[in-house]
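One structure below.
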There are 2 protein chains.
Amino acid sequence: MSHGKLVSIPFVFEQPCPIRDVLDRIGDQWSLLLLEVLEHGTMRFSEIERAITDISKQMLSKTLRRLEEDGFVKRTLYPEVPPRVEYELTDLGRSFLTPMKTLIAWANENHQAICEARSEYGAKNGGR
Amino acid sequence: MSHGKLVSIPFVFEQPCPIRDVLDRIGDQWSLLLLEVLEHGTMRFSEIERAITDISKQMLSKTLRRLEEDGFVKRTLYPEVPPRVEYELTDLGRSFLTPMKTLIAWANENHQAICEARSEYGAKNGGR
DNA sequence: CCGTATCCCCGAGGATACTG
DNA sequence: CAGTATCCTCGGGGATACGG
C-alpha cells in the first residue's frame with residue numbers, strides 16, 4: 001500500500017472536522033431517537049416525552065435545544081396559558097434522515113453478525 | 001404504547017436495539033477514525049498510532065479490541081521478537097464503510113449549514 | 001405545560017509508568 | 001514493539017425539586 005501512504009487519509013484532520021462535529025451531536029444517547037420520532041410530524045414537548053418513556057425531562061430539553069441550535073429542529077412557542085411548544089424537523093433535519101436510515105438499515109442487517117462475532121470472541125477469550 | 005399514532009415508531013424499543021448497539025460502539029471518539037484509516041489496508045499498531053497523532057496508546061488499544069470483538073477488524077499476531085501485530089478490516093468492517101461514507105458525505109455537505117445555524121442561534125440568544 | 005437548577009454517579013478518555 | 005496498570009479529570013445523564 002502506497003507508502004506515499006497517509007497523505008490521502010482524510011478530512012478527519014480538518015479543523016474543525018465536520019464528521020467529529022456531527023458525530024459529537026448525533027452520537028449521544030437521544031438525538032437519533034428524537035429525530036426518528038419527529039419524522040412522524042410536529043409534536044409537543046409532552047407528546048415526545050410520552051413517546052419515549054425512559055427519557056428524563058432534562059435530557060429531552062437539552063437534546064431538543066442542541067438539535068435546534070444545529071438547525072435540525074424548529075421550536076415554536078405558542079404563548080398561551082398554559083404554554084404550548086411544538087417541535088418539528090427543518091429541511092436540514094429531514095435531509096439527515098437519508099444517511100441516518102442507511103445507517104439504521106445496515107445496523108438491522110448486520111446486528112446478527114455482530115452478536116455472533118461477540119460471542120465467538122467471548123468463547124476464545126473466555127478462559128481467563 | 002400504541003397511541004394509534006406512535007405505533008409505527010420503531011425498532012428503537014427492540015431489546016436489544018440494533019441501532020443502540022451499533023451506535024454505542026461506533027459513536028465513540030475513535031472508532032470511525034480507525035475504520036477510515038484501516039480502509040487503506042493492513043497496518044501495524046505503531047503505524048496507526050503515528051497516523052493518528054493525538055490518540056493515546058490506551059485508547060488505541062481499547063478501541064481496536066472492541067472493533068475486533070464486534071467483528072469489524074481482524075488482529076494478527078506474529079510471534080517474532082520484537083512482536084509484530086497487524087490489523088485489517090474484515091468483510092463486515094468493509095461493509096460498514098458504505099453507510100459510514102454516506103454519513104461522512106452528508107456531514108461534509110451540510111457542515112456549513114450547521115455552523116450557520118449555530119451562529120444564528122447564538123446571535124438570537126447572545127443577549128444573556 | 002414546559003421547562004431549569006441542583007446533586008450525584010459513572011464511564012470515556014488523557015498522562016504516565018511499567019511489562020513481555 | 002505492543003500493549004497493561006494506575007490515577008485522574010471531565011462531561012453525560014439520571015433523580016428530584018422548583019419556577020413561569
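Each chain gets a letter, A, B and so on, in the order the sequences are listed, and its residues count up from 1.
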Side-chain atoms of A:S61 come closest, of D:dA2, C:dG3, D:dG13, to C:dG3
Assign each of A:K62 and A:P82 the nucleotide of DNA chain C bearing its closest heavy atom; nearer the 5' end lies the nucleotide of A:P82
B:S46 has its side chain closest, among C:dG14, D:dA2, D:dG14, to D:dA2
Rounded to whole Å, the CG-C1' distance (A:L34 to D:dG13) equals 14 Å
Whole-Å distance, B:I48 CD1 to D:dA2 P, equals 9 Å
Looking only at C:dC2, C:dG3, C:dG13, the nucleotide nearest the A:R75 side chain is C:dG3
Between CG of B:D28 and P of D:dG11 the distance, given in whole Å, is 18 Å
Side chain to side chain contact (heavy atoms under 4.5 Å, CB included) with A:L38: of A:L67, A:I48, A:L97, A:L33, only one passes, and it is A:I48
Between CG of A:L77 and C1' of C:dC2 the distance, given in whole Å, is 9 Å
From the candidates D:dG13, C:dG3, D:dC1, the one with an atom nearest any side-chain atom of A:F45 is C:dG3
Between CE of A:M59 and P of C:dA5 the distance, given in whole Å, is 15 Å
Treating A:S31 as the side-chain partner and A:R25 as the backbone partner, does any N or O pair qualify as donor plus acceptor under 3.5 Å? yes
Requested in this report: Ignoring backbone atoms, establish whether A:R44 has a side-chain N or O less than 4.0 Å from OP1 or OP2 of C:dC2.
Outcome: yes
Taken to the nearest whole Å, CZ/B:R84 to C1'/D:dC1 is 11 Å
Side-chain atoms of A:P83 come closest, of C:dC1, D:dC1, D:dT4, to C:dC1
ask   = Are a donor atom and an acceptor atom from the side chains of A:W106 and B:S95 found within less than 3.5 Å of each other?
value = yes
Interatomic distance, CD@A:E47 vs OH@A:Y87, rounded to 0.5 Å, equals 12.5 Å
### Task
For the residue pair B:V73 and B:L89, establish whether any side-chain heavy-atom pair is separated by less than 4.5 Å.
yes
In whole angstroms, the gap separating P of C:dC2 from CE of A:M43 amounts to 11 Å
Atom NZ of B:K57 and atom P of D:dC1 are separated, to the nearest Å, by 8 Å
Sugar-phosphate only, base, or nothing, as touched by B:Y78 at under 4.0 Å among non-hydrogen atoms:
nothing
- [ ] Answer with base, sugar-phosphate or nothing: what part of the nucleic acid does A:Q58 contact at a heavy-atom distance below 4.0 Å?
- [x] base
ask   = Within the pair B:R65 and D:dG3, is there a side-chain N or O less than 4.0 Å away from OP1 or OP2?
value = no
